[in-house]
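Counting starts at 1 for both ligands and their atoms, following the listed order. Here the structure is a predicted model, which is why all the values come from computation and not from measurement.
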Amino acid sequence: MSIYFIDGKFADKQEISISVDDRGYYFGDGVYEVIKVYNGKLYTANEHIQRLFESADKIKLSVPYTEQQIIEIASKLVENNNLDTGHIYLQVTRGNAKRVHQFPNPSVQPVFMAYALTNPRLVANMEVGITVKSVEDVRWLRCDIKSLNLLGNVLAKQEAQEAGCFEALLHRDGVVTEGSASNFFGIKDGVVYTHPATNLILNGITRQTVMRLCQEIGLPIEEKAFTLREAFQMDELFLTSTTSEVMPVVAVDQSLIGEGQPGVITKKLQEAFAAQIPVPIGKN
Ligand code: PDD
């Protein structure tokens, strides 16, 4: 996995360098995406790339490639690195310039970087479920932007991991928003709830897929926020992300959710999700 794409070309990781003046390094002044690859095939790549453009637009950054060019770069990375199952990481920063907070004037060329990484599906976790720790959401008010500025997320995840948990369940003023790197769903009396796609969460691509799957299999789904107190009372709880897919949450702060096992509806959604991921070449 050593072939990267940077400065308009593919190069071995050993041969590339990043400027210390990169605004991503100084300020986290950039945006990123993580695209899943299953069996050598890009999954929901257009949706991720469109969100990259949206995030960039929201911070007044221009992405130096078209959607089609980015698809080609990502596909080449899969091919050149012989990637089977894992992901493509891509990021764009506002470029290299003397450290001043305002945008460089005159503007400089944005830095676009992408690489491939092997990352097997988390099947063991998905089978038994994971635990989470509630953490206050102290992030800024533009969580809809997939920004490189992730300090709030980093600290929350670290706190969860130190407590032996897989993920942090973020709550703002007692209302569950999302995870440090995932979206949360709760199920009560057969209805699936998740926080609406406002400025307080990242509108996950997996979140959107799961909402579509709910509709397809006839599960009532409501974009309605629930409180932390309500989270403890849910019949089932799960989180979604590109790398976690549909991940059952079996305990919050050591308090069991439902029976403390992946719930029936969550399992149904896991099956529906698995049924639509790309199959190995030659098997379709
Ligand atoms: N994280 N919310 C946050 C804050 C996230 O960082 C992510 C993704 C999600 C889920 O989005 P999606 O379903 O599009 O992956 C929600 C990625 C995987 C990461 O930072 O590595």
Side-chain angles (χ1 to χ4, degrees), residues 24 28 30-38 42-56 58 74 85-92 113-122 125-126 130 132-161 166-172 175-186 194-214 223 225 237-247 249 269-270 272-274 276-277:
V31 292
Y32 76 104
E33 275 299 331
V34 180
I35 304 175
K36 188 80 192 170
V37 175
Y38 291 107
L42 296 169
Y43 174 71
T44 56
N46 292 89
E47 289 85 343
H48 282 279
I49 296 167
Q50 275 157 26
R51 188 173 63 186
L52 181 78
F53 278 96
E54 283 163 22
S55 293
K58 287 170 181 174
T85 292
H87 63 253
I88 299 293
Y89 176 85
L90 35 101
Q91 71 169 43
V92 195
M113 183 276 284
Y115 66 78
L117 195 72
T118 292
N119 195 3
R121 296 179 64 210
L122 301 176
N125 288 317
M126 284 193 277
I130 53 91
V132 300
K133 179 180 194 299
S134 62
V135 178
E136 198 186 339
D137 191 348
V138 296
R139 300 172 302 159
W140 71 332
L141 297 174
R142 292 308 307 275
C143 299
D144 54 310
I145 301 172
K146 203 159 170 61
S147 146
L148 293 176
N149 245 302
L150 288 171
L151 205 43
N153 309 59
V154 166
L155 293 174
K157 183 77 156 200
Q158 179 63 19
E159 193 176 327
Q161 299 257 309
F166 179 90
E167 175 61 304
L169 170 64
L170 299 178
H171 56 94
R172 205 186 277 270
V175 175
V176 171
T177 49
E178 60 176 340
S180 73
S182 59
N183 293 112
F184 272 88
F185 289 74
T194 195
H195 195 288
T198 65
N199 60 309
L200 299 182
I201 68 156
L202 182 78
N203 187 5
I205 304 302
T206 323
R207 172 187 182 278
Q208 294 170 54
T209 300
V210 165
M211 287 176 58
R212 174 174 56 78
L213 292 175
C214 283
E223 285 185 271
L237 204 60
F238 66 90
L239 61 80
T240 63
S241 81
T242 295
T243 46
S244 292
E245 302 180 5
V246 176
M247 182 65 78
V249 175
L269 283 167
Q270 283 183 313
F273 189 91
Q276 47 93 64
I277 65 179

K.L.:
Quick one: do the Glu245 and Thr206 side chains pair a donor with an acceptor below 3.5 Å?
P.N.:
no
K.L.:
Heavy atom under 4.0 Å from ligand 1: found in Val34's side chain, backbone, both, or neither?
P.N.:
side chain
K.L.:
Check this for me - ligand 1, Leu202, N or O atoms closer than 3.5 angstrom, yes or no?
P.N.:
no
K.L.:
Any nitrogen or oxygen of Thr206 lying under 3.5 Å from a nitrogen or oxygen in ligand 1? Just yes or no.
P.N.:
yes
K.L.:
Considering only NZ, NE, NH1 and NH2 on the basic side and carboxylate oxygens on the acidic side, decide whether Arg51 and Glu33 come within less than 4.0 Å.
P.N.:
yes
K.L.:
Is the Tyr43 ring parallel, tilted or perpendicular to the Tyr38 ring (thresholds 30°, 60°)?
P.N.:
perpendicular
K.L.:
With side chains defined as the heavy atoms from C-beta onward, is the minimum distance between Leu200 and Leu141 less than 4.5 Å?
P.N.:
yes
K.L.:
Could you tell me whether some N/O pair between Thr242 and ligand 1 is separated by less than 3.5 angstrom?
P.N.:
yes
K.L.:
Give me the nearest non-hydrogen protein atom to atom 17 (C) of ligand 1 as residue plus atom name, then the distance to 0.1 Å.
P.N.:
Lys146 NZ, 3.4 Å
K.L.:
Looking only at heavy atoms of His87, does any of them come nearer than 4.0 Å to an atom of ligand 1?
P.N.:
no
K.L.:
Heavy-atom distances under 4.0 Å decide this one: backbone, side chain, both or neither, for Ser182 against ligand 1?
P.N.:
backbone
K.L.:
Near Glu178, which atoms of ligand 1 are under 4.0 Å from a heavy atom of that residue?
P.N.:
2 (N), 3 (C), 4 (C), 16 (C)
K.L.:
Between atom CG of Leu269 and atom CG of Leu213, what is the distance when rounded to the nearest 0.5 Å?
P.N.:
6.5 Å
K.L.:
Are the side chains of Ile49 and Ile35 in touch, meaning some heavy atoms are under 4.5 Å apart?
P.N.:
yes
K.L.:
Do any nitrogen or oxygen atoms of Thr240 come within less than 3.5 Å of a nitrogen or oxygen of ligand 1?
P.N.:
no
K.L.:
Does Ser180 come within less than 4.0 angstrom of ligand 1, counting non-hydrogen atoms of the residue?
P.N.:
yes
K.L.:
Ion pair present between Lys157 and Glu167, side-chain N to carboxylate O less than 4.0 angstrom?
P.N.:
yes
K.L.:
Flag Tyr32 as yes when one of its N or O atoms lies below 3.5 Å from any N or O atom of ligand 1, and as no otherwise.
P.N.:
yes
K.L.:
What atoms in ligand 1 come closer than 4.0 Å to a heavy atom of Gly204?
P.N.:
11 (O), 12 (P), 13 (O), 14 (O)
K.L.:
Do ligand 1 and Arg139 have nitrogen or oxygen atoms that lie under 3.5 Å from each other?
P.N.:
no
K.L.:
Nearest non-hydrogen contact with atom 5 (C) of ligand 1 belongs to which option: Ser244, Ser147, Ala156, Ala181?
P.N.:
Ala181
K.L.:
Which part of Asn153 is near ligand 1, with near meaning a heavy atom under 4.0 Å away: side chain, backbone, both or neither?
P.N.:
side chain
K.L.:
Look at the side chain of Asp144 and the backbone N and O of Asn203, then say whether any donor-acceptor pair between them is shorter than 3.5 Å.
P.N.:
no
K.L.:
Taking the six-membered ring of Phe53 as reference, does the cationic atom of Lys58 (NZ for Lys, CZ for Arg) lie under 6.0 Å from its centre and within 45° of its axis?
P.N.:
no
K.L.:
Tell me, please: is Arg51 in heavy-atom contact with ligand 1, that is, under 4.0 Å?
P.N.:
yes
